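Take a look at the structure set out below.
Reckoned from all heavy atoms, side chains included, excluding hydrogens, waters and symmetry mates. This structure is a prediction, so every number in the text was calculated from the model and none was measured. Proteins come first, then strands; the chains are lettered A, B, ... in the order of their sequence lines, and each starts at number 1.
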Amino acid sequence: MKEASPAKAYALHLGVIALLFGLSFVLPEYHHGLLARIMVLAVFAMGYNMLFGYVGLLSLGHAMFFSAGLYGAGLAVIHLGWSVPAAFAAGLACGTLLALAIGMLALRTSGVAFMIVTMMFAQVFYLIILYFASRTGGDQGLVVPQSARVLVVGGTSLGLTDPTVRYMSALALFSIVLLVTLAIVRSRYGRVLVAIRENEERTKMLGYDTFSNKLAAVVVSGTVCAASGAAYALLFGYVGSTFASVQYSILPLLWVLLGGAATTLGPLIGTLFMYYVVDVTSGYTSAYLLIVGIALILLVLFFPRGILGTIRQRWLGWLP
Amino acid sequence: MAFGPHLLLAALEGLVTAAVLALTALGLSLVFGVMRVVNVAHGEFFMLGAVLAWAISTAISGHAALGFLAALVLAPLIVGLIALVAERLVLRRLNYNPEATIVATIGMLYIIQQLALTFYGPEARPVEPPFSYRILLPWFGYSGYKLSIIAASALLLVATWFVLTRTKIGLVMRATQYDSETAQAFGIPVDRVYAGVFALGAMLAAVAAVLIVPISQAHYLMGQDPLLLSFIVVIIGGLGSLRGTVVAAVLIGLSDGIISVFFSPTLAKIIATLLVAMVLVFRPQGLFGTASR
Amino acid sequence: MTDKNGFFDLSRTGLTRRTALKGLAAGAGLAVAPGFVRYSQAQSSAPIKIGFQSHRTGIGAAYGRWYERTTAAAVKAINDAGGINGRPVEVIIEDDGTDPGRGAEVVGKFATQHKTDIVYGTLFSHVVIGSAPAAGEAKMPYFVVSEGHHVASTKLNRYVFQPGITDVKSQIQAMAPWIAANAGKKVTQIFPDFAFGYDHRDYLPPALKAQGAEVIAQIAIPPTESSFTKYFPQIPAETEVIYHVMVGPAVLTFVKELGEFYGSNRPQLFGFIDSLEATDINSPGLEFLDGSHFWEGSPRYAQPDDSAAQKAYRAAVGIDDNGAAVGDPKDVSTAAHMFGCWETLYVVKKAMEDAGYKGPEDRAKLVEATEALTEFAEGPEHPQGPKTFNGKIHQCFGIQNISKVEGGRLNVVHKTKIEDGLYEPEGDYTTQAL
């Protein structure tokens, strides 16, 4: 990775945020709504990328962090009648605590075992949601009432169901996470993480406590994913166990690999790409999964580092 | 029902699960161990085996056993061929890079699943068992065919063990698994070994599916559960350890059956999954694995 | 394996590629000229567009296929008779993958891209519940054919309706008297350990108690289970009736294993046909079901006393006397549920005509007109039988069939009355703002 002036990187990221802001005013209604959803899910992918891209830990259980946020926020509104900010905070807290607990256990393993252990913990989490169906709604899930999804800012109340408010809320969350990710990646801590990915033993010998560094990464990653889940519950009004199933653990992996692992903007690109491939092809044929499958294989054959990863490798070495 | 018979029944059920699981997981373990490829499409090869078994057994008229035997031979061969093509066209070009192969096999999963839905359909379809003998125990009846699955699986496992440890093919495979570069240097066609192993892994999954399909049924989404369970078995058993895979399959099959005697089923699954996860956390190399990774 | 009723064969469904392409063209037009094409605010001759949220892939695909065929038949019948308010009906299909997240996106797509007049057709409960908020926010009337109790529970919102099929709570209540009187007094329930099963778990015991019978054991089976024998020892020996409701692809296994476990010496069996929808009752291993009873919404097999309307409906949809696709006896329908699609579309037609519906600006009027409906008479538009509709809870109530498996057929032996299935409303949607 060539080193770039910080200004260039920050300018690019602020430019992307500005572009997304501008798009809000020109996009047709449907794509406007879809992009709001994609931004929220891109946050999920960014959280995943934190761990997978930069630390090299492949988890197959991140659906549990997403749904910790989803249920933390959703159930706080439904059962406790909490306000939107309090519920969002509850979702974050659930994700952080869960990530801390899972990290302490799962980080005793590495490689493939880490993958399986995280998958199994996520499976336990999923089954717990089913087991407490009277509270969680089980597989049917629960609706977060529209009347409760209102953000009160200084006297005015903004309905989160309003398309503009929803888009801007999603953009705000996305922007914060993007800039925080960029800051982390460029920080000393970010470099330690990459060093662990490249050679954990050597990093250890250089005197770094790799376990706590990795644990911190799991917690950051889990919290970001929970933020995405909490936002999903509050913005789109549904919590359900599907989001805790293994399929939703594989999706962020896919988005990140497509967009480019260990690139800050890759998760957004990957999510965007995948969403539009499904959306466009499902209009032409009911066998759209076939096309998605073929697209995946072609991508991995010809763009093995993902879209942004390939661009960085071939043309723009300074991309963060 | 009294406690003893109940436990016996749970144990029998657990053994059937274990028998099928052991075969499926062994396929995954070989691919994993020799090629270091995490084959996410493994469950789809399992599904293909079942779907082909249905197609073959309905195409052949006459006694049910005839169609079943044909399926038992043909379905794994076809699946192996498909796997071989996939390996040559995709995995080899990816140089078996671990991350790239995960995405590629996810892609294969989508493709195979969609093709099955398109050509086979969304229905669950049964395959007639080759024989339907009901064993009458004093407390309950039990399917004779189910018991024969355990025997067939054991036979196949022994045969695989024999090939792996007593033949030249097995030696070549083990050498490749141990150190592919050195193996290459000693003139072993590593490339062809990989292709063979990938096909063999898929065939094992397909055989397991053909065996189970008369008591279960073919459905295009049936591949997911065996995939997850096989992953667990492979890791618990320790990578590339045949003995470990079999023991882990029996352990998981039995615990799944027996824990459900004592707890509500969903709670039982929670406890069993948590237990297995904890085993892994505190013994990451698996029960029979040696070195890490 | 050339399944001629395969996935690509849309000609069979009547929802031709052209319909899909029309939808596409509309979408493409929008993408090219955002904000310029006001597609749906069209003249009076433009078609009424119905967005069909279909389970084309995922676990619900077997139902989705038959829901599409029934829908195509009903739309053809409606259009042949002059359409709705003199306008033809056009159906646009989007696959929801039987996934609630995707379901909500699809509702959004109908509302903002296809600009359909209504959304319709969802079966699986979790997809309904996941999509309902999106429908409510878009103020998009959402007509589901799900049989879940979710709509009638009034936990969703004012835009969600279920006017074509009775909900599970009502079905169970209507079944209970017959079970207690004819099958036995001591009932063991076996049900899937998720929401569909919970409706049965929660509503059957009080319904049976009211009839002097009791549930002596409830066995919940986890949704991921593919083998069931190990649960059977939990069935108490004194059980007179096993009441089973299993769904998903593993149900065949369930029945086969029950057969192996009991042999010929079994308790009475009463089941919901949901277990065996789209499955041939004469499949190997199902001989065990002979003599047992099933709930059916609409009978799969043609009955001697079928009304002319029922016969016409079966012919239009293209199912033979055995409930399989005409020309392919292996392609068994989901007859017990799919009639709901036909009937729902006619309810939509009636409500749109009552409301003088012209376009999306009249959606609120459509909601009110639907809520004002009270009765649907048996006839070509409602071939399953007469129904009442409760506008406060957006749910219809009809008759139920109990059928016996005899000689490889399902013969209706009892029809319930509408009153058997009525219960106290749990809320009132009409108090919600539009």
Side-chain angles (χ1 to χ4, degrees), chain A residues 26-34 36-38 41 70 78 123 126-127 129-131 133-134 137-147 149 159-163 166 232-233 235-243 245 247-248 251 275 278-290, chain C residues 7-8 10 20-21 23-24 27-28 30-31 33-35 37 54 56-57 64 93-95 97-106 108-115 124-134 136-138 148 150 155-157 192-198 222-224 432:
Chain A
V26 294
L27 277 182
E29 201 182 354
Y30 172 63
H31 298 278
H32 186 267
L34 193 60
R37 205 179 285 266
I38 289 173
L41 291 173
L70 188 84
I78 294 166
Q123 188 69 11
Y126 171 70
L127 289 169
I129 291 172
L130 294 185
Y131 189 67
S134 57
D139 62 307
Q140 281 196 332
L142 295 170
V143 170
V144 186
Q146 198 174 343
S147 54
R149 286 154 57 206
L160 291 180
T161 53
D162 176 78
R166 177 147 61 195
Y232 195 95
L235 293 179
F236 301 105
Y238 173 72
V239 299
S241 64
T242 334
F243 294 106
S245 66
Q247 193 197 346
Y248 277 82
L251 281 177
Y275 251 81
V278 170
D279 197 65
V280 171
T281 52
S282 71
Y284 289 91
T285 166
S286 49
Y288 62 90
L289 278 182
L290 184 72
Chain C
F7 217 70
F8 286 116
L10 293 169
L21 286 176
L24 262 180
L30 277 175
V37 183
S54 174
R56 273 193 166 161
T57 52
I93 303 179
E94 286 281 345
D95 177 19
T98 326
D99 174 277
R102 180 72 192 146
E105 289 159 33
V106 162
K109 194 170 185 180
F110 283 133
T112 58
Q113 189 177 56
H114 297 307
K115 314 245 181 207
F124 272 60
S125 296
H126 62 315
V127 184
V128 171
I129 295 173
S131 307
E137 287 159 23
H150 36 57
K155 296 266 168 54
L156 302 179
N157 61 63
D193 198 5
F194 61 85
F196 175 71
Y198 298 156
T224 52
Q432 294 181 7

Requested in this report: Evaluate side chain to side chain contact (heavy atoms under 4.5 Å, CB included) for C:Lys109 paired with A:Asp279, printing each intermediate quantity in order.
Outcome: CA-CA 10 Å; C:Lys109 194 170 185 180; A:Asp279 197 65; 3.1 Å; yes

Requested in this report: Please report the C-alpha distance between A:Tyr238 and C:His126 in whole Å, then the side-chain angles of each, then the deciding distance to 0.1 Å, and finally whether the side chain to side chain contact (heavy atoms under 4.5 Å, CB included) criterion is met.
Outcome: CA-CA 10 Å; A:Tyr238 173 72; C:His126 62 315; 4.1 Å; yes

**Report entry** Test log, rule side chain to side chain contact (heavy atoms under 4.5 Å, CB included), inputs A:Gln247 and C:Asp99
**Finding:** CA-CA 11 Å; A:Gln247 193 197 346; C:Asp99 174 277; 4.1 Å; yes

Requested in this report: Apply the test side chain to side chain contact (heavy atoms under 4.5 Å, CB included) to residues A:Gln146 and C:Gln432: give CA-CA distance (whole Å), side-chain angles for both, the deciding distance (0.1 Å), then the verdict.
Outcome: CA-CA 11 Å; A:Gln146 198 174 343; C:Gln432 294 181 7; over 6 Å; no

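For the set A:Phe243, A:Phe236, A:Tyr275, the count of heavy-atom pairs under 4.5 angstrom toward chain C peaks at A:Tyr275.
Nearest heavy atom pair, residue A:Gly141 against residue C:Ile129, reads O-CG2, 3.9 Å. Closest of all the heavy-atom pairs between A:Gly237 and C:Pro133 is O-CG, 3.5 Å.
Neither the backbone nor the side chain of C:Phe124 comes within contact range of chain A, judged by heavy atoms closer than 4.5 Å. Heavy-atom distances place both the backbone and the side chain of C:Ala104 under 4.5 Å from chain A.
No side-chain heavy atom of A:His32 sits under 4.5 Å from any side-chain heavy atom of C:Thr112.
Every side chain to side chain contact (heavy atoms under 4.5 Å, CB included) that A:Ile129 has, sequence neighbours left out, goes to A:Tyr71, A:Phe125, A:Thr136, A:Ser241, A:Ala244.
Summarising the geometry, atom NZ belonging to C:Lys155 is positioned 10.5 Å from atom CD belonging to A:Gln140; distances are rounded to the nearest 0.5 Å.
The environment of OH in A:Tyr30 is crowded: more than 12 heavy-atom neighbours from other residues, nucleotides or ligands sit within 6.0 Å.
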